[in-house]
Number of protein chains: 2
Amino acid sequence: MSNPSTTVSTRPPLGCAAVMMQVLRGELRERELPFTHQREAIAQILFESTRHLSADDVAASLRQRGEHAGKATVYRTLALLVELGLATEHDFDEGFKRYETQVGAAQHDHLICTECGRVSTFHHPELDRILAEAAAEKGFAPITRQVKIFGTCSESAACRKALRTYREVGPTS
Amino acid sequence: MSNPSTTVSTRPPLGCAAVMMQVLRGELRERELPFTHQREAIAQILFESTRHLSADDVAASLRQRGEHAGKATVYRTLALLVELGLATEHDFDEGFKRYETQVGAAQHDHLICTECGRVSTFHHPELDRILAEAAAEKGFAPITRQVKIFGTCSESAACRKALRTYREVGPTS
DNA sequence: AAGCGGATTGAGAACCAGTCTCGAATCCGA
DNA sequence: TCGGATTCGAGACTGGTTCTCAATCCGCTT
């Protein structure tokens, strides 16, 4: 977890930010909520990013564009996007939350490297079925789920080395 | 999430707290760490509990037994138990962490009711295989995983009612 | 039993992500 | 353009968790 800002996603860099923005505009109108400049700017940043952004990352991106929004607004807007189903919230055990655009039904789960902090995604065709079965068996009606695998990736030499060391010394140390 | 202190686990109330304590003593000796009175008391509370305890819960249990430990010690000891593999840490989106004894290889995952806050467990025989496959395919070496299903349980009338309402109104409101 | 070196403890301060407050600014339909 | 409702934002606040460091405890040796 040396550099949390380098988290990446394997989701393709869609050029659909504009489409997402139209969806947001529609959702807001439907709820009679104003489409403010701040909401547009924050949503834009999230929609255009292929990474998992923290509230701080969003504020930094705003600054970089010469814009600005109070942190209360950043948090409120991110929460709003989650509520509208246009973003998802993630906790990668860093002590703060990260956000990501929710593009339609592109369900996926995360692999988090405990060495370098990189986050990648995976999708297993059987996972949905398995979790649905497990919930049904317990009389539980699922709404959302979180599936995270923590471990070591093979992206950098440092991670591969850490992995070798880990295998030599053993899991309990 | 009305009453977070009523979380339950379906793990049977094992009488193995004494055994766990011996394991702890051994692990500490092996690492040349002192077996202090506070470590014993905090571990005892966790080993004897069948619930998911927060740091606050642990401190309250200590008080109830006429003992006491500074909160720094409670947090440090819980982190130590996790590091030794004798406990696991969970985040049920309550804004704080909960801890649970890790009895051997009794791997299980959690169902969290967003209405009443109850936490129950499940085990699906295929889940391990699926996650291992997914990680392997991405060249990722898994260490731990977190699988959580958020939804509505059927334990109380209130939860069953909330579920009906939810189904009528639809997921997006 | 007493001494000793090193790790732990604990009260409280510090930290920090996230929330709240409330007057000012903005939005948007008419 | 106007007006009423909503949002914005600077900064105070909250609460879980970590840090600080002097006093204490542990476990080993004599």
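Here is the naming used below: chain letters follow the sequence lines, and residue numbers restart at 1 for every chain. Only heavy atoms go into these numbers, but all of them, side chains included; no hydrogens, no water, no symmetry mates.
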note = Between B/Arg76 and B/Leu33, whichever has its closest DNA chain D nucleotide further toward 5' is B/Arg76

inquiry  = Just the rounded figure in Å: distance from P of C/dT8 to CG of B/Leu81.
reply    = 13 Å

key: A/Arg39/A/Glu27 under salt bridge (Lys or Arg N to Asp or Glu O under 4.0 Å): CA gap, chis, key distance, verdict   = CA-CA 12 Å; A/Arg39 281 173 179 167; A/Glu27 291 286 335; over 6 Å; no

task = Examine the base of C/dG18 for any acceptor or donor lying under 3.5 Å from a partner atom in the side chain of A/Lys71, and report the outcome as yes or no.
result = yes

query = Whole-Å distance between D/dT7 P and A/Glu32 CD?
reply = 11 Å

inquiry  = On the nucleotide C/dT19, are OP1 or OP2 found under 4.0 Å from the side-chain N or O atoms that A/Tyr75 carries?
reply    = no

inquiry  = Tell me if a side-chain donor or acceptor on B/Ser49 pairs with a main-chain N or O of B/Ile45 at a distance below 3.5 Å.
reply    = no

message = As a test of understanding, state which of B/His52, B/Lys148, B/Glu100 forms a side chain to side chain donor-acceptor pair (under 3.5 Å) with B/His90.
response = B/Glu100

query = Taking atom C1' of C/dC28 as reference, at what distance in whole Å does atom CD of A/Glu30 sit?
reply = 18 Å

ask   = Roughly how bent is the helix from C/dA1-D/dT30 to C/dA30-D/dT1 end to end, in steps of 10 degrees, with each end axis from five pairs?
value = 30°

query = So which of B/Arg98, B/Lys97, B/Arg63 actually passes salt bridge (charged side-chain N to carboxylate O under 4.0 Å, His left out) with B/Asp57?
reply = B/Arg98

Other residues, nucleotides, ligands: >12 heavy atoms within 6.0 Å of B/Asp56 CG = no

task = Would you kindly give the CG-to-P distance between B/Leu28 and C/dT9, to the nearest whole Å?
result = 10 Å

query = Among the nucleotides C/dT8, D/dG9, C/dC28, which one has an atom lying closest to any side-chain atom of A/Ala69?
reply = D/dG9

key: Interatomic distance where CZ belongs to B/Arg29 and C1' belongs to C/dA7 [whole Å]   = 16 Å

ask   = Mapping B/His68 and B/Arg39 to their closest nucleotides on DNA chain C, which lands nearer the 5' end?
value = B/Arg39

query = Is the distance from OP1 or OP2 of D/dC25 to the nearest side-chain N or O of B/Gln38 less than 4.0 Å?
reply = no

query = What integer distance in Å separates B/Arg31:CZ from C/dA7:P?
reply = 16 Å

ask   = Could one point to a donor on the side chain of B/Lys97 or the base of D/dT17 with an acceptor on the other under 3.5 Å away?
value = no

key: Rounded distance (Å) that lies between atom C1' of D/dT17 and atom CD of A/Glu94   = 16 Å

note = Testing C/dC28, D/dG27, D/dG9 for proximity to the side chain of A/Ala72, the answer is D/dG9

message = Expressed as a whole number of angstroms, how long is the span from B/Leu80:CG to D/dC26:C1'?
response = 15 Å

Hphob cluster co-occupancy, B/Tyr75 + B/Phe96, side-chain heavy atoms under 4.5 angstrom = no

inquiry  = Is the distance between the ring centroids of A/Phe122 and A/His124 under 6.0 Å?
reply    = no

request  = Specify the residue among A/Thr73 and B/Thr36 whose closest nucleotide of DNA chain D lies further upstream toward the 5′ end.
outcome  = A/Thr73

